[in-house]
Amino acid sequence: MYETYSQCKAELLKNVDGKYDCFNNPIVNCEGYPTLGVRTPVIKKLAKSVPMPARDEVLSGFFADKDLSYDSVLFAGVLAARKGDYEKTLEYLNKLVPLFRSWAHVDCVTPCLRWADKTALWDDFRYMLDCEGQYQTRFYIMIMFSCCLCDEYVDRILDTLLHNVSYGRYYVDMAAAWLLAECLVKYYDKTLPLFTEQSFPKFVHNKAIQKARESFRVSPETKDYLNTLKVK
């Protein structure tokens, strides 16, 4: 077990893999932090090895660290999102998400929040849609995708994507397209009118159709029809 941040950071450094870093670095495309080359399963396992009573101590150490890396930020994000005291989790993530510099920070952390109450997640992180940082906006979109995409929330999700997302930022647009594609797959009748009416920017519109057509859950006939809706 690891009960201090210095112990956790030392463990990260022990698991550096230079060859993996060469492979992973261009994929995660981290802006502003070095990548160490620690594999994601190792990072997640390390976060799970921290006893919950030590979470405050470890994250306090992380926030005091002046030498962050892609890997240490991902570790802190997974630890912050672990099932436990939700109010503490909210406090940690409000401080941590602005430090995210990669789509992978967002996409690895948001699924860890599936234990939390959907209404709380929907309300407490919604302010991130208005943040300038694209990873904060992506974070909320991926909360909708990972934690809230269900019968109860689909109408609110589609309305949010239609009226409350500022498009034109690559990692925001990609997340929105991915979520819209999943809505097309799971809630076709509700989502299709947004594409027949071309309600989204061209990139988001076409990318969502592409991703939906890649799904094995969509019939060949539906894939053919969706292809006719692509914007030239």
Side-chain angles (χ1 to χ4, degrees), residues 1-118 120-121 124-125 135-136 138-149 171 174-175 178:
M1 293 194 300
Y2 302 88
E3 299 187 350
T4 68
Y5 178 66
S6 60
Q7 291 174 332
C8 295
K9 189 170 183 178
E11 188 65 18
L12 286 175
L13 293 173
K14 281 173 56 178
N15 284 278
V16 167
D17 183 333
K19 290 184 178 179
Y20 176 71
D21 188 43
C22 291
F23 164 78
N24 194 49
N25 183 292
I27 295 174
V28 300
N29 192 28
C30 187
E31 305 169 5
Y33 302 134
T35 56
L36 302 178
V38 183
R39 295 175 182 270
T40 301
V42 173
I43 294 174
K44 290 183 175 180
K45 183 178 180 180
L46 177 59
K48 290 180 180 178
S49 73
V50 175
M52 286 304 288
R55 187 166 67 155
D56 282 347
E57 174 71 22
V58 172
L59 288 174
S60 293
F62 165 80
F63 287 119
D65 190 357
K66 303 299 183 184
D67 186 26
L68 299 179
S69 64
Y70 161 82
D71 314 68
S72 65
V73 173
L74 180 55
F75 160 75
V78 174
L79 178 58
R82 272 181 61 186
K83 185 176 182 178
D85 181 338
Y86 174 76
E87 292 304 321
K88 277 289 187 180
T89 293
L90 177 62
E91 177 186 337
Y92 297 142
L93 289 175
N94 281 336
K95 292 175 61 178
L96 185 56
V97 175
L99 301 179
F100 286 179
R101 296 292 184 271
S102 167
W103 64 266
H105 285 145
V106 174
D107 293 17
C108 289
V109 171
T110 47
C112 300
L113 291 167
R114 288 178 180 144
W115 59 270
D117 178 75
K118 289 180 175 60
L121 292 173
D124 292 337
F125 290 100
Y135 299 111
Q136 289 164 283
R138 185 182 177 100
F139 191 82
Y140 191 75
I141 294 172
M142 293 309 296
I143 281 179
M144 291 193 288
F145 184 102
S146 296
C147 306
C148 299
L149 186 54
Y171 290 110
M174 285 294 290
W178 188 11

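Residue numbers run from 1 in the order of the sequence given.
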Student: Give me the atom names and distance for the closest heavy-atom approach of T110 to C147.
Tutor: O-SG, 3.6 Å
Student: Quick one: does S146's side chain have a donor or acceptor within less than 3.5 Å of a partner on I143's backbone?
Tutor: no
Student: Looking only at heavy atoms, which two atoms of M142 and A175 are closest? And how far apart?
Tutor: SD-CB, 4.0 Å
Student: Kindly indicate, with the supporting measurements, whether the criterion side chain to side chain contact (heavy atoms under 4.5 Å, CB included) is fulfilled by D65 and K9.
Tutor: CA-CA 10 Å; D65 190 357; K9 189 170 183 178; 2.9 Å; yes
Student: Counting distance only, does the side-chain N/O of R82 pair as donor-acceptor with the main-chain N or O of C112 below 3.5 Å?
Tutor: no
Student: Answer yes or no: is there a side-chain heavy-atom contact under 4.5 Å between Q136 and F100?
Tutor: no
Student: What pair of heavy atoms forms the shortest contact from T89 to A81, and how long is it?
Tutor: CG2-CA, 4.1 Å
Student: Under 3.5 Å, is there a donor-acceptor pair between the side chain of T35 and the main chain of N25?
Tutor: no
Student: Of the non-hydrogen atoms in C108 and T40, which two are nearest, and what is the gap between them?
Tutor: SG-CG2, 4.2 Å
Student: Taking the side chain as every heavy atom from C-beta outward, state whether Y5 and L59 have any atom pair closer than 4.5 Å.
Tutor: no
Student: Side chain to side chain contact (heavy atoms under 4.5 Å, CB included), that's the test. Do L79 and L46 meet it? Break it down for me.
Tutor: CA-CA 9 Å; L79 178 58; L46 177 59; over 6 Å; no
Student: Could you measure the distance from the CZ atom of F125 to the CD1 atom of I141? Nearest 0.5 Å is fine.
Tutor: 15.0 Å
Student: Side chains of L12 and S72: closer than 4.5 Å at any heavy-atom pair?
Tutor: yes
Student: Step by step, work out the side chain to side chain contact (heavy atoms under 4.5 Å, CB included) result for Q7 and V58.
Tutor: CA-CA 9 Å; Q7 291 174 332; V58 172; over 6 Å; no
Student: Spell out, as yes or no, whether a donor-acceptor pair under 3.5 Å connects the side chain of W103 to the backbone of C30.
Tutor: no
Student: Could you tell me whether the side chain of V109 reaches within less than 4.5 Å of the side chain of H105, counting heavy atoms only?
Tutor: no
Student: Hey, which of D17, L74, I43, L13 is the one that makes side chain to side chain contact (heavy atoms under 4.5 Å, CB included) with V38?
Tutor: I43
Student: Measuring from E57:CD to S6:OG, what's the distance to the nearest 0.5 Å?
Tutor: 8.5 Å
Student: Less than 4.5 Å apart, side chain to side chain, heavy atoms only: is that true for F62 and F75?
Tutor: no
Student: Report yes or no: does R138 contribute a side-chain atom to a donor-acceptor pair with the main-chain N or O of Y171 at less than 3.5 Å?
Tutor: yes
Student: Give me the atom names and distance for the closest heavy-atom approach of M52 to K83.
Tutor: CE-O, 3.5 Å
Student: With rounding to the nearest 0.5 Å, note down the distance linking CD in E91 to OH in Y86.
Tutor: 12.5 Å
Student: Report yes if some heavy atom in the side chain of L36 is under 4.5 Å from a heavy atom in the side chain of Y20; otherwise report no.
Tutor: no
Student: Parallel under 30°, tilted from 30 to 60°, perpendicular over 60°: which one fits the rings of F145 and W178?
Tutor: tilted
Student: If you define the side chain from C-beta out and look only at heavy atoms, does anything of Y140 sit under 4.5 Å from M144?
Tutor: yes
Student: For Y70 versus A104, what's the shortest heavy-atom pair and its separation?
Tutor: OH-CB, 3.4 Å
Student: Establish, from distance only, whether the side-chain atoms of D71 and Y33 form a donor-acceptor pair under 3.5 Å.
Tutor: no
Student: Counting only N and O atoms by type, is there a donor-acceptor contact under 3.5 Å from the side chain of N15 to the main-chain atoms of E11?
Tutor: yes
Student: Do S102 side-chain atoms and V28 backbone N/O form a donor-acceptor pair below 3.5 Å?
Tutor: yes
Student: Given side chains that start at C-beta, do those of R55 and K88 come closer than 4.5 Å, heavy atoms only?
Tutor: yes
